[in-house]
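Please read the structure below before turning to the comments.
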There are 2 protein chains.
Amino acid sequence: MADLKTSHHPLFLREEELRYSIELMFFAYRDFTAEADTMLESRELGRAHHRVIYFVGRAPGINVSELLAILNITKQSLSRVLSRLIEDNYIRQDQGTTDKRQRLLYLTETGKALEHDVTMIQRRRFANAFKSVSIEDVKGFMAVMEALLDDKTLPLLRREPITRIKS
Amino acid sequence: MADLKTSHHPLFLREEELRYSIELMFFAYRDFTAEADTMLESRELGRAHHRVIYFVGRAPGINVSELLAILNITKQSLSRVLSRLIEDNYIRQDQGTTDKRQRLLYLTETGKALEHDVTMIQRRRFANAFKSVSIEDVKGFMAVMEALLDDKTLPLLRREPITRIKS
DNA sequence: GTTTTTAAGTCAGCCATGTTGACATATTTT
DNA sequence: AAAATATGTCAACATGGCTGACTTAAAAAC
């Protein structure tokens, strides 16, 4: 399958297209994160705090091990960020029911509000970008981004992006 | 999946698609950079060094101001990285001819070799990704990534080799 | 039922790479 | 001659990664 498609567009494997893509990755990621960083800064939080809040918001009741697996950082690094978020009442933790060693993480109302505000900035950027391109372009974007991932990253992603039509 | 083409564009602006894109950005960027970081680490260099080497390699003879404008960091931050690269003979600097205050930057042979090796890792990742998708997907990827950029970032990108204009 | 493993947390310190502010030097522009 | 520009430097600080060593409580294995 990959081989069949390869023959369709050797043109794009040329040095120039690949370098252009590398640069797009650098610049787009930087611009994408900069806006949200500014908003976080006003609350004296960093990008790391947003990541934690984001993923706890995405999966309420997630435990620390699972969060570490997603973020792929050490527990010491997470601890610094998470402690702050708990202390400032963005996140609360409950003891696990089936396994009492676990700490299950939830956003507080304050946390939900912050998550919404910051993530909104990033959603808005994508919404604007998607408005200026075709639906096929969006599909292509997702296909390429997925293809860039390590195999082990795929299970960490929420599936069912485009195709599920929810009404 | 079959009737994607008949879907209305606003479908893509729904919460789920936007959040999925945010996550793709996070995970894809992380996986994209991790491989190259490992190779740099073996030479005791960081991502910041690669950026400098990359952009000097892209535009030989670039001066410090232009480089700062691309990287969008302070000259103090650049200095730390650039000094190391010059000291270790990855980059050399010549005095500008028309403006003697300028330092024009060039990769040494060592620098070119490193730039090639590290950038190759990233080119390979994109080459592999592109092989697994269609040519339209690649176009879509580029269109969306461009649309994500700040307006002021666009002029920093180029498709064709070095058309640096010194004025 | 004791031992081992696991989930989570903590203390201490290191490193890379960003930041600000203040200032110096050479060169170009006005 | 004065002002602006290009570059560089010293010093201090913040963020968010890292390693290593160690603790506690609970679950799992024996």
Side-chain angles (χ1 to χ4, degrees), chain A residues 26 29-30 33-34 36-56 61-88 91-105, chain B residues 26 29-30 33-34 36-56 61-88 91-105 166-167:
Chain A
F26 169 63
Y29 187 78
R30 193 176 65 181
T33 51
D37 285 352
T38 301
M39 135 90 72
L40 287 159
E41 208 175 320
S42 72
R43 311 205 192 191
E44 295 182 304
L45 295 172
R47 195 180 295 179
H49 299 97
H50 178 226
R51 283 178 190 155
V52 170
I53 286 182
Y54 178 89
F55 285 110
V56 171
I62 192 173
N63 65 44
V64 174
S65 294
E66 291 167 336
L67 187 53
L68 284 174
I70 289 173
L71 296 173
N72 202 27
I73 59 177
T74 60
K75 64 178 173 179
Q76 294 93 325
S77 295
L78 175 59
S79 171
R80 188 166 36 204
V81 172
L82 188 53
S83 302
R84 164 76 191 281
L85 291 172
I86 290 165
E87 190 170 332
D88 290 3
I91 284 181
R92 76 180 155 80
Q93 43 184 358
D94 286 0
Q95 197 175 47
T97 48
T98 61
D99 186 336
K100 289 179 178 172
R101 291 172 303 180
Q102 295 180 342
R103 303 298 152 87
L104 309 185
L105 307 173
Chain B
F26 169 63
Y29 187 79
R30 193 176 66 181
T33 51
D37 285 352
T38 301
M39 134 90 71
L40 287 158
E41 208 175 319
S42 71
R43 311 204 193 190
E44 295 182 305
L45 294 171
R47 197 181 292 181
H49 299 98
H50 179 226
R51 282 178 190 154
V52 170
I53 285 183
Y54 178 90
F55 285 111
V56 170
I62 192 173
N63 65 44
V64 174
S65 295
E66 290 167 335
L67 188 52
L68 285 173
I70 288 173
L71 295 173
N72 202 26
I73 58 177
T74 60
K75 64 178 173 177
Q76 294 94 324
S77 295
L78 175 59
S79 171
R80 187 165 35 204
V81 172
L82 188 53
S83 302
R84 164 77 191 281
L85 291 172
I86 289 165
E87 190 171 331
D88 289 2
I91 285 181
R92 74 181 157 80
Q93 43 185 357
D94 286 1
Q95 195 173 48
T97 48
T98 61
D99 186 337
K100 288 181 181 172
R101 290 171 304 181
Q102 295 180 341
R103 303 299 152 87
L104 310 185
L105 306 173
K166 182 74 206 90
S167 46

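Letters A, B, ... mirror the listed sequences (proteins, then strands); counts begin at 1. Just so it is clear, the model here is predicted, and its values are computed rather than measured.
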Checklist entry - Using a cut-off of 4.0 Å on non-hydrogen atoms, how would the nucleic acid contact of B:R51 be classed: base, sugar-phosphate, or nothing? => result sugar-phosphate
Checklist outcome for this item: note: A:E41, atom CD; D:dT15, atom P; distance rounded to Å ~ 9 Å
Checklist outcome for this item: Atom CG of B:L104 and atom P of D:dA6 are separated, to the nearest Å, by 13 Å
Checklist entry - CZ of B:R30 versus P of D:dG17: gap in Å, rounded? => result 10 Å
Checklist entry - Going from OG on A:S65 to CZ on A:R101, what distance comes out if it is rounded to the nearest 0.5 angstrom? => result 9.0 Å
Item to check | Whole-Å gap separating P (D:dC13) and CD (A:E44) | outcome: 17 Å
Next on the checklist: Is the phosphate of C:dT17 approached by B:H49 (side-chain N or O, under 4.0 Å from OP1 or OP2)?
Outcome noted: yes
Next on the checklist: Minimum heavy-atom separation for A:R30 and B:I70, please, with both atom names.
Outcome noted: NH1-O, 3.1 Å
Checklist entry - Parallel under 30°, tilted from 30 to 60°, perpendicular over 60°: which one fits the rings of B:F26 and A:F55? => result tilted
Next on the checklist: Closest approach to the side chain of B:Q102, judged atom by atom: which nucleotide of D:dG17, D:dG16, D:dT7 is it?
Outcome noted: D:dT7
Next on the checklist: Considering every strand and a 4.0 Å limit on heavy-atom distances, what is the contact class for B:S65: base, sugar-phosphate, or nothing?
Outcome noted: sugar-phosphate
Item to check | Closest-nucleotide 5' rank along DNA chain D - winner of B:S79 and A:V81 | outcome: B:S79
Checklist entry - Base, sugar-phosphate alone, or nothing: which one does A:Q93 contact when heavy atoms must sit under 4.0 Å apart? => result sugar-phosphate
Item to check | Value in whole Å for how far the P atom of C:dT10 lies from NZ of A:K75 | outcome: 10 Å
Checklist entry - C:dT27, C:dT19, D:dA27: which one has an atom nearest the side-chain heavy atoms of B:I73? => result C:dT19
Next on the checklist: Of the listed nucleotides (D:dG16, D:dA11, C:dC11), which one gets closest to any side-chain atom of B:Q76?
Outcome noted: D:dA11
Checklist entry - At under 4.0 Å between heavy atoms, what does B:T74 touch on the DNA or RNA strands: base, sugar-phosphate, or nothing? => result base
Item to check | Between C1' of D:dT5 and CG of B:N63, the distance in whole Å | outcome: 12 Å
Item to check | Distance in angstrom units between B:L40 CG and C:dC15 P, rounded | outcome: 18 Å
Checklist outcome for this item: Note: A:K100 and A:T97 closest approach over all heavy atoms is CG-O, 4.4 Å
Checklist entry - With a 3.5 Å cut-off and just heavy-atom distances, do the side chain of B:K100 and the base of C:dT27 make a donor-acceptor pair? => result no
Next on the checklist: Give me the atom names and distance for the closest heavy-atom approach of A:Q102 to A:N63.
Outcome noted: NE2-ND2, 3.3 Å
Next on the checklist: Taking atom types as they are modelled, would you say the side chain of A:R101 forms a donor-acceptor pair with the base of C:dT6 within the 3.5 Å cutoff?
Outcome noted: yes
Item to check | Whole-Å gap separating C1' (C:dG9) and CG (A:L85) | outcome: 16 Å
Checklist entry - Shortest non-hydrogen contact from B:L78 to B:I73? => result N-CD1, 3.8 Å
Next on the checklist: Using a 4.0 Å heavy-atom cut-off, does B:R80 contact any base of the nucleic acid, only the sugar-phosphate backbone, or nothing at all?
Outcome noted: base
Checklist outcome for this item: Walking DNA chain D from its 5' end, the first of A:Q95 and B:R103 to be reached, judged by nearest nucleotide, is B:R103
